[in-house]
Every structure is written in C-alpha cells, then in structure tokens.
Amino acid sequence: MNEKPRLNRADFYRDVYEVVKLVPKGRVTSYGAIARYLGAAKSARMVGYALNNCMDRADVPAHRVVNRLGLLSGKHHFPTEDAMAERLMAEGIVVQNDQVQSFSEKFWDPNEALSFD
C-alpha cells in the first residue's frame with residue numbers, strides 16, 4: 001500500500017478514513033504516521049484536513065488521531081472543546097492539558113501494525 005500513488009484528494013481522504021477505522025480503542029496514532037503509511041510522508045497536514053471533513057461520520061474515530069507529540073491539536077473541530085478528550089478518556093486514555101499521557105505506550109503505528117512482512 002505504501003507505493004500506491006494518490007490520484008486525487010477524494011481518494012486520499014478515503015484512504016485516511018480507512019486507516020483511522022483500524023486504530024484500536026484505547027490507542028492513538030498521529031497525522032504523520034498515517035501519512036507515512038499511505039506513502040505520502042509530507043502530507044500530515046492533508047491527513048488533518050481529511051479528518052476535519054469527517055466529523056459527522058460516526059464510523060471514523062477521528063478522536064484517536066493526535067499530533068506527533070500527543071497533543072489534541074484537532075480538538076477545535078469536534079462539537080465541543082472537550083469532546084475529543086472525553087472520547088479518549090472514555091477509552092481509557094489519560095489526557096492532561098490536552099495531551100495524551102504515556103503517549104509512546106498508547107501510540108499505534110499503522111506502519112508496524114499493518115505491515116505485511
């Protein structure tokens with residue numbers, strides 16, 4: 001999947017959503033990790049744009065995607081200021097000051113989890 005070229009924004013967004021659906025409950029990933037998995041390492045911002053456009057989709061757990069430091073940088077796109085943190089905490093993730101605690105332990109890397117080696 002890493003060599004697959006992105007044909008257009010709609011295809012890229014769809015692929016982002018499919019990866020985000022695979023993030024297990026109680027785990028988080030980053031915009032950059034998703035971008036790298038999709039073979040577009042410099043497109044972390046586009047992953048964010050994709051997630052900002054899916055807030056009305058209950059099947060895409062966008063709350064599980066944070067920035068590379070574990071910060072809830074996308075929280076402003078949720079219905080309330082605390083919704084992202086509340087959803088993460090409901091899954092057992094500790095969030096303090098808009099940052100995932102024990103980030104390295106909770107981090108789910110699609111490049112490792114979904115590798116076919």
Side-chain angles (χ1 to χ4, degrees):
M1 185 168 195
N2 290 344
E3 292 83 23
K4 184 178 177 184
R6 298 291 127 235
L7 301 176
N8 61 45
R9 183 172 56 185
D11 289 340
F12 184 80
Y13 282 20
R14 183 196 65 234
D15 291 349
V16 167
Y17 302 152
E18 292 305 312
V19 174
V20 174
K21 289 177 186 179
L22 299 174
V23 180
K25 286 183 180 181
R27 303 291 297 275
V28 294
T29 194
S30 68
Y31 304 104
I34 293 170
R36 284 188 298 278
Y37 179 75
L38 294 176
K42 296 185 180 193
S43 298
R45 192 174 302 254
M46 283 295 292
V47 171
Y49 294 153
L51 294 175
N52 294 345
N53 282 292
C54 77
M55 290 300 154
D56 58 338
R57 292 186 54 175
D59 65 320
V60 180
H63 64 283
R64 297 182 190 146
V65 184
V66 297
N67 79 7
R68 64 184 178 86
L69 303 174
L71 293 169
L72 310 189
S73 56
K75 73 177 194 168
H76 304 294
H77 298 283
F78 285 81
T80 67
E81 191 78 10
D82 297 324
M84 185 176 187
E86 289 169 354
R87 291 177 189 180
L88 288 170
M89 289 187 291
E91 295 181 0
I93 295 176
V94 177
V95 177
Q96 292 179 346
N97 298 320
D98 294 329
Q99 187 169 25
V100 172
Q101 302 301 293
S102 303
F103 178 61
S104 61
E105 295 172 20
K106 297 296 183 180
F107 184 73
W108 180 84
D109 188 347
N111 295 289
E112 294 175 10
L114 303 175
S115 71
F116 296 102
D117 297 330

Checklist entry - If two hydrophobic side chains count as joined below 4.5 Å and joins carry through other members, does Leu38 share a cluster with Leu51? => result yes
Checklist entry - Nearest heavy-atom pair of Ala35 and Ala44: which atoms, and what distance? => result CB-N, 3.7 Å
Item to check | Closest heavy-atom pair and its distance - Asn111, Ala33 | outcome: ND2-O, 3.3 Å
Item to check | Any donor-acceptor pair under 3.5 Å from Asn97 side chain to Gln99 backbone | outcome: no
Next on the checklist: Distance check, rounded to the nearest 0.5 Å: Cys54 atom SG versus Arg14 atom CZ?
Outcome noted: 14.5 Å
Item to check | Evaluation steps, side-chain contact (heavy atoms from CB on, under 4.5 Å), between Phe78 and Arg87 | outcome: CA-CA 10 Å; Phe78 285 81; Arg87 291 177 189 180; 3.4 Å; yes
Item to check | Side-chain heavy atoms of Val66 within contact of Tyr31, under 4.5 Å | outcome: no
Item to check | Heavy-atom neighbours of Arg45 CZ exceed 12 at 6.0 Å | outcome: no
Checklist entry - What is the distance from atom CG of Asn67 to atom CG of Leu69, rounded to the nearest 0.5 Å? => result 5.0 Å
Next on the checklist: With a 4.5 Å cut-off on side-chain heavy-atom distances among I, L, V, M, F, W and Y, is there a chain of contacts connecting Phe103 to Val94?
Outcome noted: no
Checklist outcome for this item: Partner of Val95 under side-chain contact (heavy atoms from CB on, under 4.5 Å), picked from Lys75, Met89, Gln101, Met84, is Met89
Checklist entry - Are side-chain heavy atoms of Pro61 and Val20 found at a separation under 4.5 Å? => result yes
Next on the checklist: Leu22 vs Tyr37, test: side-chain contact (heavy atoms from CB on, under 4.5 Å). Steps then yes/no.
Outcome noted: CA-CA 12 Å; Leu22 299 174; Tyr37 179 75; over 6 Å; no
Checklist entry - Under a single-linkage definition using a 4.5 Å side-chain heavy-atom cutoff for Ile, Leu, Val, Met, Phe, Trp and Tyr, are Met46 and Tyr17 assigned to the same hydrophobic cluster? => result yes
Item to check | Where Phe107 and Arg27 come nearest, the two heavy atoms and their spacing | outcome: O-NH2, 2.7 Å
Next on the checklist: By the definition side-chain contact (heavy atoms from CB on, under 4.5 Å), identify the one residue from Leu72, Val23, Ile93 that meets it with Val28.
Outcome noted: Ile93
Next on the checklist: Are Val100 and Trp108 linked, directly or through intermediate hydrophobic residues, by side-chain heavy-atom contacts shorter than 4.5 Å (ILVMFWY only)?
Outcome noted: no
Checklist entry - Can Glu91 and Arg64 be counted as an ion pair, charged N to O under 4.0 angstrom? => result yes
Checklist entry - Should Asp109 and Thr29 count as side-chain neighbours, where that means a heavy-atom distance under 4.5 Å? => result no
Checklist outcome for this item: CZ (Arg68) and OG (Ser73) are apart, to the nearest 0.5 Å, by 10.5 Å
Item to check | Flag side-chain contact, heavy atom, 4.5 Å: Val47 against Phe12 | outcome: yes
Checklist entry - Would you say Ser102's side chain and Glu105's backbone share a donor-acceptor pair under 3.5 angstrom? => result no
Checklist entry - Which heavy atom in Pro110 sits nearest to a heavy atom in Val19, and how many Å separate them? => result CB-CG1, 4.1 Å
Next on the checklist: Taking atom NZ as the centre, does Lys25 end up with more than 12 heavy-atom neighbours from other residues, nucleotides or ligands that are less than 6.0 angstrom away?
Outcome noted: no
